[in-house]
Amino acid sequence: MNENNLDFSSADVSRAVPDEAALQHAQASLIPALPAVGLGFEDVKKHMLDDISPGFTGSSRCPNYYAYTTGAVTDAALFADWLAATYDQNVHSHLPQETVATTVEATTLSLLQQLLSLKESHFPGRIFTTGATASNLLGIALGREFVVAEAGRRNSLPSPTSVAKLGLIEACLRAGVQDIQVLATLPHSSLYKAASVLGIGRDSIVLLPLSEDEPWKFDLDALAENLSRSGVKTIISISAGEVASGRFATNGTEMARIRTLADQYGAWIHVDGAFGLQALVLPRTEEYSALNDGVAGLHLADSITGDAHKLLNVPYDCGFFFTRHSELQPTVFGNPGAAYLSTSGTSSSIPSPLNLGLENSRRFRALPVYASLLAYGRIWYRSLLERQIALARRVASYIVDSTVYELLPGNDLTKVYMVVLFRARSESLNAQLVSLLNASKRIHISGLPWKGRPAARIAVGTWRVDVDRDYGMIVEALESASLVR
Ligand SMILES: *Cc1c(COP(=O)(O)O)cnc(C)c1O
């Protein structure tokens, strides 16, 4: 393989999604019967490059794919991902006499904490995950362990009320906990999944929006009231930023108050910063002050979720997780009695990842992050996000000035992050807006509901962003859709 040109796919990069013919060809070309005698690598390679990959979205390779928050893949990350697969390092245990892999992982986590200005001393518990869904699950699992144990401590019980040890029902009974609630505003759907998987229950997620106008903002008075419910322990989940609008649930002053309340009531604070956490790389300037405020005080959380496969532009699947309570990770995620996995005898302070998160066998997904952070550096990552925000704000400004479209949740451009949420003012146009905008296949955006009505969302997540060029393409699509009545 030529290291200088890893991208040898022949698919058309001007297509954000494949056209009908390419999709149909890809589907029809699939070989559903297992060959008794293999077809050979060369033929299969040709099949994948010529038949199948033209049926993939251009999410990484076309600059104008704006659906979900997908990110793309930098060249350095692509190279490192190939290297990770080539060497197929299983980073389950820290085995410094055998491989440097877990040391690379720990170093990468430090680099990431430097990028985000989240101190290692604040967040000694850290791990790479498969994505923000897994990280949210880790955060809620640790929160569950903490709040029930804390309830037991506050009731001066003689032995710890550990959910990990006793199980949820037994631990809660002993600690006098009748329910665990998760307080949030407009959480990502994965929070409901975490609540379901962890036995807390989806119905235990309670939304505390400040107002109808700002449903992503946390109502601190309602928070204080809910925290004081007797027999109920609380995990507070902060959306930073909210998935549809990119808005932030809190500011620095509010985070400080939430920290005080959490300490008073033995609650846990989790931050879902899947893509919002990246705003920590921005300079503190007037133009970003709303975003600076949105991520201020997040270091006061007990646990933090981030995605690397989104704005960091490394390949799927790569997320990360930070916690203040590193001591709780082995309590919840440890593999007791797995002697063959033990790293005792090594003199290192790097804990084995298999006791810190969900997976035992793990892909070496830190390597693309390591490569990308070092290859491009802090300033490049900062200016990348600035370019993404610049494009989003220019499009938002066009929408504010337009008579056809309406910017959501409101017209304040200083609050726009790298997502643009909008709708058509005409109901009939709005109903077909996303399919009209996506019709050319040269740009692709997502549709999603906002306050119960369809809306469209452009998420700028790729390093291939070029503000002038991409603004032109988006406006062209908006204008041509506006001609359809
Ligand atoms: C994308 C996203 C998630 C889920 O992340 P995955 O990486 O898809 O698991 C969770 N929360 C927020 C806010 C997100 O944007």
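Both ligands and their constituent atoms are indexed starting at 1 by order of listing.
- At a heavy-atom distance under 4.0 Å, only side-chain atoms of S190, from C-beta outward, approach ligand 1.
- Counting atoms of ligand 1 from 1 in the listed order, those under 4.0 Å from a heavy atom of F275 are 15 (O).
- Side chain of K233 to main chain of E150: no donor-acceptor pair is present (N/O by atom type, distance under 3.5 Å, no hydrogens or angles).
- In this pair, F422 and Y405 present their aromatic rings perpendicular. The plane angle is above 60°, beyond the 30 to 60° band.
- Ring pair Y376/Y381 is perpendicular by interplanar angle, where above 60° counts as perpendicular and below 30° as parallel.
- Atoms of ligand 1 found under 4.0 Å from any heavy atom of G131, numbered from 1 in the order shown, are 7 (O), 9 (O).
- In terms of protein heavy-atom proximity, atom 12 (C) of ligand 1 is closest to A274 CB, 3.3 Å.
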**Prompt:** Are S110 and E120 close enough, and set up right, to give a side-chain hydrogen bond (donor to acceptor under 3.5 Å, both in side chains), and what steps lead you there?
**Reply:** CA-CA 7 Å; S110 299; E120 255 178 277; 3.3 Å; yes

**Request:** Just do the side-chain hydrogen bond (donor to acceptor under 3.5 Å, both in side chains) check on W268 and S303 with the steps written out, would you?
**Result:** CA-CA 8 Å; W268 178 276; S303 58; 3.0 Å; yes

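- Of the heavy atoms in D307, only side-chain atoms (C-beta onward) come closer than 4.0 Å to ligand 1.
- Classification of the H122-H299 ring pair by plane angle, with boundaries at 30° and 60°, yields perpendicular.
- Nearest protein heavy-atom contact of atom 11 (N) of ligand 1 is D272 OD2, 2.6 Å.
- The closest protein non-hydrogen atom to atom 5 (O) of ligand 1 is A132 CB, 3.0 Å.
- The residue from Q89, R365, R126, R362 that alone fulfils the side chain to side chain donor-acceptor pair (under 3.5 Å) condition with E105 is R362.
- Heavy-atom proximity to atom 1 (C) of ligand 1, evaluated over H309, H188, K310, is greatest for K310.
- With respect to atom 8 (O) of ligand 1, the closest heavy atom belonging to the protein is T133 OG1, 4.1 Å.
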